[in-house]
Structure formats: structure tokens, C-alpha cells
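Okay, structure first, notes after.
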Amino acid sequence: PDRVFSGVQPTGSLHLGNYLGALKKFAALQHEHECLFCIVDLHALTMPQEHGKLAGQTRHIAAAFLAAGVQPDKALVYAQSAIPAHTELAWYFNCVARMGWVQRMTQFKDKSGKNAEAASVGLFTYPALMAADILAYKATHVPVGDDQKQHLELARDIAAKFNHDFGEPAGEPNFFPLPEPLIDGPGARVMSLRDGTKKMSKSDPSDASRINLTDDPDTIAKKIRKAKTDTGSVPGSVEELAGRPEIANLVGIYSALSDTTDAEVLAQHAGSQFGPFKNALADVTVEAMRPVSDLMRRYLADPDELDRIMSRSADAARAISEPVMVDVRRIIGIHGSA
Ligand code: TYM
């Protein structure tokens, strides 16, 4: 039996990359699998946050999950901070992971920038907490965008070393599953609308570089019409997208939003000028996003209902993680756990 876990940080507003790389996949997975979708508010603390905003941001992401189609009777939607297992297991994993493994993480290098000395220690050990998020439930599958691939590999390394160091001596060499990333499919790597070589990101200073889940239809259409493109036209085949990152990105967004393939989109628009192609893409995007942003507004208008959903989910998540943690303490040999 498999179990799906994924997390999203409550920092800034969500964008089309988060939607296609993560949220849309969450909704698709809930019908066939046991699913836990977590708002990782403790991860948000690794970077400076505006005082007093965290709880509201956490609710905002919960509303986005639900608006994207996650159903509270099918999947769990809750805050990381509600479940103590995450931080306890993160400590054990901090003691399992090796400095050299964590030092290789490109996201730490990107986020700490030129002044790594001033980064929080939490930003450095971030991937150990992420591994704990997943393994506190012995989750087997993790839907994420391409940018999380390296963190997932580290989570697998941590699980394997824990199994070796503690599981084997205790006679449970496969104690933790090695979690599999689910990254495939269109939308796993949505790029900036201003630069086809950079990923679409919450932290890009240019708002025109991304479509926010909260953008109104006019803003969405304008951003797409202004998206950077080269001087050509729409090619006829997927091979011809190579070396043309901007149009490749727009075609990828088109196919991901309309649940089709790049080849299909190209067959429809081959030879078209970018103007009409962008108009068509703007229509597709506005139509796909409209129900999401409408629903999101509706959920946000009823914070008590959101809190009820999150609290019920947290109780169910705790019921899964607690027995795992009892076993973790026992196989490590913590006092009083035998
Ligand atoms: P976060 O909050 O930065 O992003 C949330 C999800 O959105 C995906 N994503 C993208 N997908 C496609 N194109 C893009 N341009 C794009 N930008 C972001 C991310 O890959 C992610 O799936 N470390 C994680 C949160 C986390 C987590 C976990 C995920 C914490 N614990 C356990 C999975 C399992 C993060 O910062 O995602």
C-alpha cells in the first residue's frame, strides 16, 4: 500500500509553477492513494518572515490546496507545526545526515546567496526536516516540481543510512521506505515569463515573471501577451523547441493546463505568429485559473471552516505518525522506549 506526502511553504503567493508542478498533481493523486498535503510553516522560518503573517499565510495555502481540487474527505490538509513528529524526527535525521551531503544542496547555495555566514542554521538543515516530513508517515511517493529533486535524493540517502545504522542492528533493515519522487509530466518545471532559462519563482523581483494564483483575468492575459519570446514563430515539432526556452515554456504551460501534449499543441498552432498563439494561451490560462481563484476566495472567506478542516486533518496525521515515532525511538534505543 502506498502513501503520498507533499509540502508547500507558506511564503509569498503561489504561482503557476506551484500549481502545475504540485497542486494540480495533488488533486489527481487523491483518488487512488492515501494522501497527506502539508503546509510546511516551520520551513518558512528558515528565511526572515514578516512579523504576524505566518498563520494567515498558512491558511492561504490550505485554501489554495482545496481550490485546486484537493477534497478534505479524501486527503489530509494541515500545518506541519501541528504535528510534533516532524521536528523530533528532523533532529534524529540531523544526526544521520552528513555535512558533505547537505553542503551539496544547490537550493541552500541559491538562498543563502553571497553571504552564507549570515544564513540561518535552519536553512542549512532544511533538507533534514523535509526528509522527516515525508518519513514521519513512512510515505512512499512525493509529488514535487523538478527543483525539489535534489532534496528528495537526500531524503532517500537519509532513509537508507538510518536503516543501515539503526534498522539493521534492530533487525528491521527496511524500516523506512526510500521515497520515490513523482516529478514527471508537463508542468514539472515552469520557467519565468521574462527569462526562459530561470524557473518561475516566488522570489523573483519582477511580478511580470510569474502568474499568481490570485491574479485577475486581465492581469493574466497581459502577462502572457508580454511574455518574452524569440523572433521566430511557433514551430511544428517538439524537436524544434530545443534551444528555444521561451516558446518551449509557453507550449509546456499550454499543454499542462489543457491536459494534452506539447506535440498536440504544436500540431494545432504550427507556423502561427506569437501574437495569436499568446492570445490562445491567455484564454486557456484564464479559463483554467478562474475556478481556482474563485474557489480560493470562497474558502478564505470562511477561515473557521478552514481551521476545522486543518485541525481534523492534523488529528488524522498524528494518528499515522505517532506509531511510527514509537518504533523510531525503540530502534534508536531512546530511554524508556523499549
Ligand atoms: P516550495 O514551497 O518552494 O514549492 C512548492 C511546490 O511547487 C513546486 N514548484 C515548481 N514546479 C514547477 N515549476 C516551478 N517553477 C516551480 N516552483 C516551485 C516545488 O517543486 C514544490 O513541489 N522544500 C519544498 C517544500 C517541502 C516539501 C517537503 C515537499 C517541505 N517538505 C516534503 C515535498 C515533501 C519547497 O520549498 O517547495
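In what follows, every heavy atom counts, from backbone to side chain, and hydrogens, waters and symmetry copies are set aside. Residue numbers run from 1 in the order of the sequence given. Whatever order the structure lists ligands and atoms in, that order sets their numbers, starting from 1.
Distances between N or O atoms of H151 and those of ligand 1 include no value under 3.5 Å. By the 3.5 Å distance cut-off applied to N or O atoms, D133 is counted among the residues near ligand 1. Checked by distance only, ligand 1 and M200 come closer than 3.5 Å through their nitrogen or oxygen atoms. Considering backbone and side-chain atoms alike, Q148 places an N or O below 3.5 Å from some N or O of ligand 1.
Of the protein's non-hydrogen atoms, V190 O, 2.8 Å is the one closest to atom 15 (N) of ligand 1. Annotation: atom 6 (C) of ligand 1 to nearest protein heavy atom, A22 CB, 3.7 Å. Of all protein heavy atoms, the one lying nearest to atom 23 (N) of ligand 1 is Y126 OH, 2.6 Å. The closest protein non-hydrogen atom to atom 28 (C) of ligand 1 is M130 CG, 3.4 Å. Closest protein heavy atom to atom 20 (O) of ligand 1: D147 OD1, 2.4 Å. Among protein heavy atoms, atom 10 (C) of ligand 1 sits closest to G17 O, 3.4 Å. Looking from atom 22 (O) of ligand 1 to the surrounding protein, the closest heavy atom is G145 N, 3.1 Å. Looking only at heavy atoms of the protein, atom 25 (C) of ligand 1 is closest to G7 O, 3.5 Å.
Under the 4.0 angstrom criterion for non-hydrogen atoms, A155 is not in contact with ligand 1. Not close to ligand 1: Q80, with no non-hydrogen atom less than 4.0 angstrom away. The shell of residues lying under 4.0 angstrom from ligand 1, judged by heavy atoms, includes K202.
Taking every heavy atom of G187 and a limit of under 4.0 angstrom, the matching atoms of ligand 1 come to 12 (C). Ligand-side atoms of ligand 1 in range of H43: 30 (C), 31 (N), range being under 4.0 angstrom from any heavy atom. Shown in contact with F5 at under 4.0 Å from a heavy atom are these atoms of ligand 1, numbered in order with element: 32 (C), 34 (C). Which parts of ligand 1 touch G21 is read off a 4.0 Å heavy-atom cut-off, strictly below it: atoms 11 (N), 12 (C). The distance from ligand 1 to the heavy atoms of A188 drops below 4.0 Å at these ligand atoms: 11 (N), 12 (C), 13 (N).
Between S233 and S272, the shortest heavy-atom distance links the atoms CB-O, 3.3 Å. Closest non-hydrogen pair, V4 versus P143, comes out as CG1-CD, 3.5 Å.
Ring geometry for H43 versus Y126: interplanar angle of 30 to 60°, hence tilted.
A salt bridge (Lys or Arg N to Asp or Glu O under 4.0 Å) with E246 is found for exactly one of K228, R194, K198, namely K228.
Aromatic rings from Y92 and F166 are positioned such that their centres are separated by 6.0 Å or more. Taking the six-membered ring for Trp and the full ring otherwise, Y137 and H86 have centroids separated by under 6.0 Å.
When non-hydrogen atoms are compared, ligand 1 lies under 4.0 Å from the backbone of R189 (N, CA, C, O) but not from its side chain. Counting heavy atoms closer than 4.0 Å to ligand 1, residue T11 contributes nothing at all. Under 4.0 angstrom from ligand 1, there are no non-hydrogen atoms of C38. Residue-level proximity to ligand 1 for V40 is carried by the side chain, the only part with a heavy atom below 4.0 angstrom. The part of V142 lying near ligand 1 is the side chain, judged by heavy-atom distances below 4.0 Å.
Heavy atoms of other residues, nucleotides or ligands lying less than 6.0 angstrom from CZ of R298 number 12 at most. Counting non-hydrogen atoms of other residues, nucleotides and ligands closer than 6.0 Å to NZ of K226 gives a total of 12 or fewer. Summarising the local packing, CD of Q103 is surrounded by more than 12 heavy atoms from other residues, nucleotides or ligands at distances under 6.0 Å.
Around atom 5 (C) of ligand 1, the closest heavy atom drawn from L16, L14, N18 belongs to N18.
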Could you walk me through whether Y299 and H60 satisfy the ring pair (Phe, Tyr, Trp, His ring centres under 6.0 Å) test, starting with their C-alpha distance in whole Å, then the side-chain angles of each, then the deciding distance to 0.1 Å, before giving a yes or no?
CA-CA 9 Å; Y299 277 110; H60 187 88; over 10 Å; no

For a side chain to side chain donor-acceptor pair (under 3.5 Å) check, start with the C-alpha distance between E264 and T261, then their side-chain angles and the critical distance, and finish with the verdict.
CA-CA 5 Å; E264 197 61 41; T261 60; 4.5 Å; no

Check the pair I253 / I224 against side-chain contact (heavy atoms from CB on, under 4.5 Å), numbers first and verdict last.
CA-CA 11 Å; I253 291 173; I224 289 181; 5.9 Å; no

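Ionic pairing of K223 and D207 is present here: one or more N-O contacts between side-chain nitrogen and carboxylate oxygen are shorter than 4.0 angstrom.
No donor-acceptor contact under 3.5 angstrom links the side chains of Q107 and D147, judged on distance only. Under the 3.5 Å distance criterion, with hydrogens and angles disregarded, a donor-acceptor pair is assigned to the side chains of S201 and S203.
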